[in-house]
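This report concerns only the one structure given below.
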Protein chains: 2
Amino acid sequence: MSDDQRAKEFTPRQHDVLECALSLLVAGGERVLTTARVARTANCSKESLYRWFGDREGLLAAMIAHQASKVRTFSDNGAPMDRVQFRAQLVGFAHDLLQVLGGDVSLALNRLAIGQASREESRLGQLLVEQGRRRIDEGAAALLEAGRRCQHIEFTDVDETYRTLYGLVVRDLHVRMLLGEDEIRKPKNFGEMAERAVDQFFALYGVQEKKRMGPRVRAV
Amino acid sequence: MSDDQRAKEFTPRQHDVLECALSLLVAGGERVLTTARVARTANCSKESLYRWFGDREGLLAAMIAHQASKVRTFSDNGAPMDRVQFRAQLVGFAHDLLQVLGGDVSLALNRLAIGQASREESRLGQLLVEQGRRRIDEGAAALLEAGRRCQHIEFTDVDETYRTLYGLVVRDLHVRMLLGEDEIRKPKNFGEMAERAVDQFFALYGVQEKKRMGPRVRAV
DNA sequence: CTCGAATAGTACCGTACGGTACGGTTCTGT
DNA sequence: ACAGAACCGTACCGTACGGTACTATTCGAG
């Protein structure tokens, strides 16, 4: 076998097919995502689909993995940040998070995985969380740790803190977008939302200038 | 027609059938929820199903409406509350919210509506939000207004404030439960979560004892 | 008791899907 | 140039679902 055929990667041809399947899923939902339609739209044969991905589940998993390979994350370069820079980073993260969660492909894949979650043997949901969310979470954790190192915020459990930030940013937007409320998907308001959420986050975890007489929050 | 046959209500027989359909949905997900299986499990005929509910969509909508009719809400009796009582009410609300969202029937119905949300003509998602969430939201709004009247918290926009409370309580739990993460559905931790969320909520919106020097949060 | 409406149970129909098989074509390594 | 693999397009199969039609049975009103 040739050297560029690694087991976990996809050939350019398969890459195109997966991209086409994603477009199909976004356009019409799971009902439209049949093996025959994917094959016809992508100008490939069903036999190739089954040889490449095993079965329909494998195709869906490959679509998730393929999409997850696109998102990139924040990396801590170790450089010090002043408070304005750190706040801007947080706002940027919040804005990106809202934009990613509200994206067409993300919503379609989440709907797909949630629809399959009732069957016990389906691991699509777990796959989506691990491959998609994990990267975002790690980037956010690195950002929070950097903020703590520069003494802009203080916390003990980075995971707890990140989850609070996530809740302040996303609230119930994700579920409502998943349910089909298109009115709230306008990214016009994402800016204000991100600003407000970061304000609230600093109110909870920000270090005061003189002493930390701010509200301390603890897990009971 | 007799007096107890109102147009929007269901007969006891239909009530039982809907209950049976809900059990079926919870047990096996949408794949199992076929008209034939519902009819067989409920000991009724498919013809009756179609006469009562029109088509499959109507049956699903009736299931949502039937389930929504069960949830009851907080009602403001106008009596004054001290701070401890108000905090207990908030914690109770948060705990109930987590328990409702994590319930089997709620998760199954949300998965169902989200799965159908890709089709444009399906209004199940909107129906679920209006009939299910609306009641909870109104109860929470009444509770928050009561807390403001008793000067335990302060805010300007009750909807904004409620959404923040929701985000602090739920975070990403709902979506992850929808995706099938059963580990986080243990209500054992719901108590701690509710306490922590209410602590954070008071840190953001609580009125200080002497003067309100607490963090003011506003929409930019 | 009789009649008619409502219902249970079943059979049926058209359609669509997942998965497999096969002939014809293109690509690739030697 | 040639052989073999990969691949496209299509046909095919078994199954299952949504919805309808029909018969037998139940049940309530007069």
Side-chain angles (χ1 to χ4, degrees), chain A residues 1-7 9-21 24-25 27-63 111-113 115-116 118-119 121-124, chain B residues 1-7 9-21 24-25 27-63 111-113 115-116 118-119 121-124:
Chain A
M1 57 197 72
S2 58
D3 50 345
D4 56 354
Q5 273 186 342
R6 287 172 297 269
E9 284 291 342
F10 301 125
T11 68
R13 175 68 177 137
Q14 294 165 7
H15 175 100
D16 295 343
V17 171
L18 291 176
E19 204 62 39
C20 191
L24 210 55
L25 176 66
E30 189 186 0
R31 290 294 315 265
V32 189
L33 198 71
T34 70
T35 56
R37 224 175 296 241
V38 170
R40 186 158 44 83
T41 309
N43 286 328
C44 74
S45 68
K46 288 174 65 174
E47 196 169 2
S48 299
L49 287 183
Y50 282 92
R51 171 161 44 238
W52 293 334
F53 308 112
D55 56 356
R56 188 172 184 269
E57 280 267 327
L59 173 63
L60 303 182
M63 290 168 63
R111 290 195 183 116
L112 183 67
Q116 303 273 340
S118 49
R119 296 310 296 164
E121 66 270 17
S122 179
R123 296 298 226 193
L124 284 189
Chain B
M1 58 197 71
S2 58
D3 50 346
D4 57 353
Q5 272 188 345
R6 288 172 296 268
E9 283 291 342
F10 301 125
T11 68
R13 175 69 176 134
Q14 294 164 7
H15 175 100
D16 294 343
V17 171
L18 290 176
E19 203 63 41
C20 191
L24 211 55
L25 176 66
E30 190 187 356
R31 290 295 315 267
V32 188
L33 197 70
T34 70
T35 55
R37 224 176 296 242
V38 170
R40 187 159 44 83
T41 310
N43 286 328
C44 73
S45 68
K46 287 173 67 174
E47 196 168 0
S48 300
L49 287 183
Y50 281 92
R51 171 160 43 237
W52 292 335
F53 308 111
D55 57 355
R56 187 171 184 269
E57 280 267 326
L59 173 64
L60 303 182
M63 291 169 63
R111 288 194 184 116
L112 184 67
Q116 304 272 343
S118 49
R119 294 312 296 164
E121 66 271 19
S122 179
R123 297 297 228 192
L124 285 188

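Letters go in sequence order (proteins before strands), and every chain restarts at 1.
Put simply, CZ on A:R56 is 16 Å from P on C:dA16, counting in whole angstrom units. A straight line from CG of B:L33 to C1' of D:dG18 spans 13 Å, rounded to a whole angstrom. For the pair A:D16 CG and D:dC7 C1', the interatomic distance rounds to 15 Å; values are reported in whole Å. Distance CG (B:N43) to P (C:dA8): 8 Å, rounded to an integer number of Å. Rounded to an integer number of Å, the gap from CG of B:L49 to P of D:dC17 is 14 Å. The CD-C1' distance, from B:E47 to C:dA6, rounds to 10 Å in whole Å. Summarising the geometry, the separation between CG on A:L59 and C1' on C:dG18 is reported as 12 Å, rounded to the nearest angstrom. At whole-Å resolution of the value, CD in A:E57 and C1' in C:dG18 are 12 Å apart.
Within 6.0 Å of CZ on A:R56 lie more than 12 heavy atoms contributed by other residues, nucleotides or ligands. Sparse packing is recorded around CZ of B:R31, with 12 or fewer heavy atoms of other residues, nucleotides or ligands lying under 6.0 Å away.
Side-chain contact between A:T35 and A:D55 is absent, with no heavy atoms from C-beta onward closer than 4.5 Å. Contact check for B:Y50 versus B:L59: no side-chain heavy atoms found under the 4.5 Å cut-off. Counting heavy atoms from C-beta on, the side chains of A:V17 and A:W52 come closer than 4.5 Å.
Taking every side-chain heavy atom of A:C44 into account, D:dC8 is the closest of D:dC8, D:dG18, C:dA8. Taking only side-chain atoms of A:D55, from C-beta outward, the nucleotide of C:dG19, D:dG19, C:dA8 with the closest atom is C:dG19.
Comparing A:R37 and B:K46, the nucleotide of DNA chain C nearest to each residue sits closer to the 5' end for B:K46.
OP1 or OP2 of C:dA8 sits under 4.0 Å from a side-chain N or O of B:S48. Contact between the side-chain N/O atoms of B:R51 and the OP1/OP2 oxygens of C:dA5 is not found at any separation under 4.0 Å. Put simply, B:W52 has a side-chain N or O that comes within less than 4.0 Å of OP1 or OP2 on C:dT7. Look at A:S45 and you won't find any side-chain N or O under 4.0 angstrom from OP1 or OP2 of D:dC7.
Across all strands shown, A:R40 has no heavy atoms under 4.0 Å from either base or sugar-phosphate atoms.
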